[in-house]
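What follows is a single structure, written as structure tokens, with notes after it.
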Amino acid sequence: MSLLENVLDVLKERGYLEQATHEDEIRELLGKESVTFYIGFDPTADSLHVGHFLQVMVMMHMQRAGHRPIAIIGGGTAMVGDPSGRSDMRQMLTMEQIDHNAASFKKQLSRFIDFGEGKALMVNNADWLLNLNYIEFLRNVGRHFSVNRMLSAECFKSRMAAESGLSFLEFNYMLMQSYDFLELYRRYNCKLQFGGNDQWSNIINGVDLIRRADGGSAYGMTFKLLVTSEGKKMGKTQSGAVWLDPAKTSPYDFYQYWRNIDDPDVENCLALLTFLPMDEVRRLGALKDQAINEAKEVLAFEVTKLVHGEAEALKAREAAQAVFAGAGISDNMPTTLIEAGQLDAGIDAATLLVETGLCASKGEARRLIQQNGVTLWDAPIQSFDQVISSKDLKDGSMILKKGKKTYHKVQAK
RNA sequence: GGAGGGAUUCCCGAGUUGGCCAAAGGGGGCAGACUGUAAAUCUGCUGGCACUGCCUUCGAAGGUUCGAAUCCUUCUCCCUCCA
């Protein structure tokens, strides 16, 4: 545990903090003992995404400061579905999906958090939620909740106003999550719950429940959601979320996502998503105009390194630099292998673009070519039926470029 | 359970006196110009294909018609009011 600095102040300085139930008490607590805290992850997809990663960063900071994280996989709560921050009801997941997703989460979290002897815990709230007895639960937990108060919570208010309404199922989510906190408090002396700011009402209700049911002291804090300077949710691309699973978002694409971040967001991302010292973060964030590209490269490299490891980060950086700096060929850039025979015979450009995944359809390829959006070795492809063959290979590869930023290598197989 | 209203292309949302509807407009996305692998701005594109044509799409299935997103029937789901 750092004697010089309280983790709370570290988290605050780096810009994670949004709200806290009792800031001073939490600081005191974190300063004097190793505190068990928890963050929940609802397994609604089969991979964590960068939004989750922000939470994971907090856990890592905490663990480094000597505290004990509990990662809750919301196998039970996912059965209900969190209405917070949602304009409509979540799609219901089957048990099998949830189990599958929970297993993936577990694997990914283990990369970031040390779950070795007593250093951290991972539990699935399905373990206690699924076996609850309805009447018993209502009598023990339900009686501590005032519907009047619940309805005034922001997360319900918006849904009450929306025409899609709020189902009774979702209305219970808050009780489930509050009960989780109580359960962890009892089992592991967990006194602190963290979450994204959209979790605020769920968290304070858990804190209240512990006080009412057991007379215990527990606290909660929420962290900023990853948003751009314009307030849009970050980590979303046209093709969906930016995933931590390399099979869903390749390390190269992951690197490029951060490399292309908006100028005003660079400093914030460096502080939140890397462990670089704040002096360095501020120096990089202060860079102007072209110079800020240096900061973006550092950001992309550091985040990729944390998520995919140094080897993958080096590869991604090498590929990006080769491609953007000198239009060179890199072993690590996105590549498609085409049958040698097919290449020898020649393929029309539109088909090749579809084969490489650069375009979703031939129509799209056709339009793109008409708009001068595709180049082969930096020469615009003239027409969609231009034949591309092994004659265009140089040293066994050719470089296609879609737009200004998407490079793709084609090789014969 | 009763009475009304609705379901449109990635999203929002026009269109419902039947043809001029692959379907307005906006958002998003992609591309071009300008740049710094940034933002902003301007321009073009934005269902598929064998692309001056054909095919599949307007909740689902049938029907009327030369012709239906538009009319009729049944079904599914959603919303509002009443209980």
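Proteins get letters first, then strands, A, B, ... in listed order; numbering begins at 1 in each.
- A gap of 12 Å separates the P atoms of B/rC21 and B/rA69, to the nearest Å.
- Nucleic acid contact class of A/Gln370 (heavy atoms, under 4.0 Å, all strands): none.
- Of the nucleotides present, B/rA33 is the one that pairs with B/rU41 by Watson-Crick or G-U wobble criteria, both distances under 3.5 Å.
- Salt bridge status for A/Asp253 with A/Arg259: absent, with no side-chain N to carboxylate O gap under 4.0 Å.
- Qualifying salt bridge (Lys or Arg N to Asp or Glu O under 4.0 Å) partners for A/Lys362, counting only residues two or more places apart in sequence or in other chains: none.
- Summarising the geometry, the separation between CG on A/Asp262 and P on B/rG36 is reported as 17 Å, rounded to the nearest angstrom.
- Atom C1' of nucleotide B/rG44 and atom CG of A/Asn372 are separated by 12 Å, given to the nearest angstrom.
- Classification of A/Arg283 and A/Glu280 as a salt-bridged pair holds, one side-chain N sitting under 4.0 Å from a carboxylate O.
- Across B/rC34, B/rU37, B/rG36, the shortest atom-to-atom separation from the side chain of A/Lys404 is found for B/rC34.
- Taking atom CZ of residue A/Phe324 and atom P of nucleotide B/rU35, one finds them 18 Å apart after rounding to whole Å.
- For a distance-only test at 3.5 Å, the side chain of A/Gln290 fails to qualify as a donor-acceptor partner of the base of B/rU35.
- Comparing B/rU70 with B/rU65, their C1' atoms sit 13 Å apart, to the nearest whole Å.
- Following rounding to the nearest Å, A/Met333 (CE) and B/rU37 (C1') show an atom-to-atom distance of 13 Å.
- For B/rC54, the paired nucleotide is B/rG48, the pair qualifying as Watson-Crick or G-U wobble because both relevant distances are below 3.5 Å.
- The gap from the P atom of B/rU52 to that of B/rU35 amounts to 37 Å, rounded to the nearest Å.
- Between A/Ile261 atom CD1 and B/rA38 atom P the separation is 12 Å, expressed in whole Å.
- Remark: the separation of the C1' atoms in B/rC20 and B/rG32 is 32 Å, to the nearest Å.
- Looking at heavy atoms from C-beta onward, A/Glu13 lies in side-chain contact with A/Met278 at the 4.5 angstrom threshold.
- Across A/Phe37, A/Phe194, A/Tyr38, a single residue satisfies ring pair (Phe, Tyr, Trp, His ring centres under 6.0 Å) together with A/Phe181, and that is A/Tyr38.
- A donor and an acceptor atom, one from each side chain of A/Ser178 and A/Asn205, are nowhere located under 3.5 Å apart.
- Separation of atoms CZ (A/Arg366) and CD (A/Gln371) is listed at 13.0 Å; rounding is to 0.5 Å.
- Annotation: proximity of residues 297-305 of chain A to RNA chain B (heavy atom, distance under 4.0 Å) is found for no residue.
- Pairing for B/rU76 is with B/rA7, a Watson-Crick or G-U wobble pair whose two hydrogen-bonding atom distances lie under 3.5 Å.
- Here, B/rC77 and B/rA31 have their P atoms 42 Å apart, quoted to the whole Å.
- A/Asp180 contributes atom CG, which lies 11.0 Å from atom CG of A/Leu175 (distance to the nearest 0.5 angstrom).
- Rounded to a whole Å, the CG atom of A/Leu368 is 17 Å from the P atom of B/rG44.
- A/Asp9 and A/Lys12 are not joined by a salt bridge, as no carboxylate oxygen comes within less than 4.0 angstrom of a charged side-chain nitrogen.
- Of all nucleotides present, only B/rC82 satisfies the Watson-Crick or G-U wobble test against B/rG1, with each distance under 3.5 Å.
- Ion pairing between a basic and an acidic side chain is recognised when a charged N comes within 4.0 Å of a carboxylate O; A/Asp46 and A/Lys248 show such pairing.
- Residue A/Ala291 is out of contact with every strand shown, counting any heavy-atom pair closer than 4.0 Å.
- Taking the charged nitrogens against the carboxylate oxygens, A/Glu312 and A/Lys315 do have a contact shorter than 4.0 Å, which makes a salt bridge.
- Here B/rG25 sits opposite B/rC12 as a Watson-Crick or G-U wobble pair (both hydrogen-bonding atom distances under 3.5 Å).
- Base engagement by A/Asp289 is indicated by at least one non-hydrogen atom pair under 4.0 Å involving a base atom.
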Self-check item: Footprint string (nucleotides 45-55 of chain B, 5' to 3'): B base within contact, S backbone only, - free, heavy atoms under 4.0 Å
Solution: SS-SSSB----
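- Protein atom CD1 of A/Ile292 is 13 Å distant from nucleotide atom P of B/rA38, rounded to whole Å.
- For the C1' atom pair drawn from B/rG13 and B/rG27, the interatomic distance equals 10 Å after rounding to whole Å.
- Between the C1' atoms of B/rC42 and B/rC79, the separation comes to 42 Å (whole Å).
- One can place CG of A/Asp263 at 16 Å from P of B/rU35, the figure rounded to the nearest angstrom.
- Heavy-atom distances to RNA chain B give each of A/Lys405 and A/Val374 a nearest nucleotide, and the one nearer the 5′ end belongs to A/Val374.
- With C1' as the reference atom, B/rC81 and B/rU74 are 26 Å apart, rounded to whole Å.
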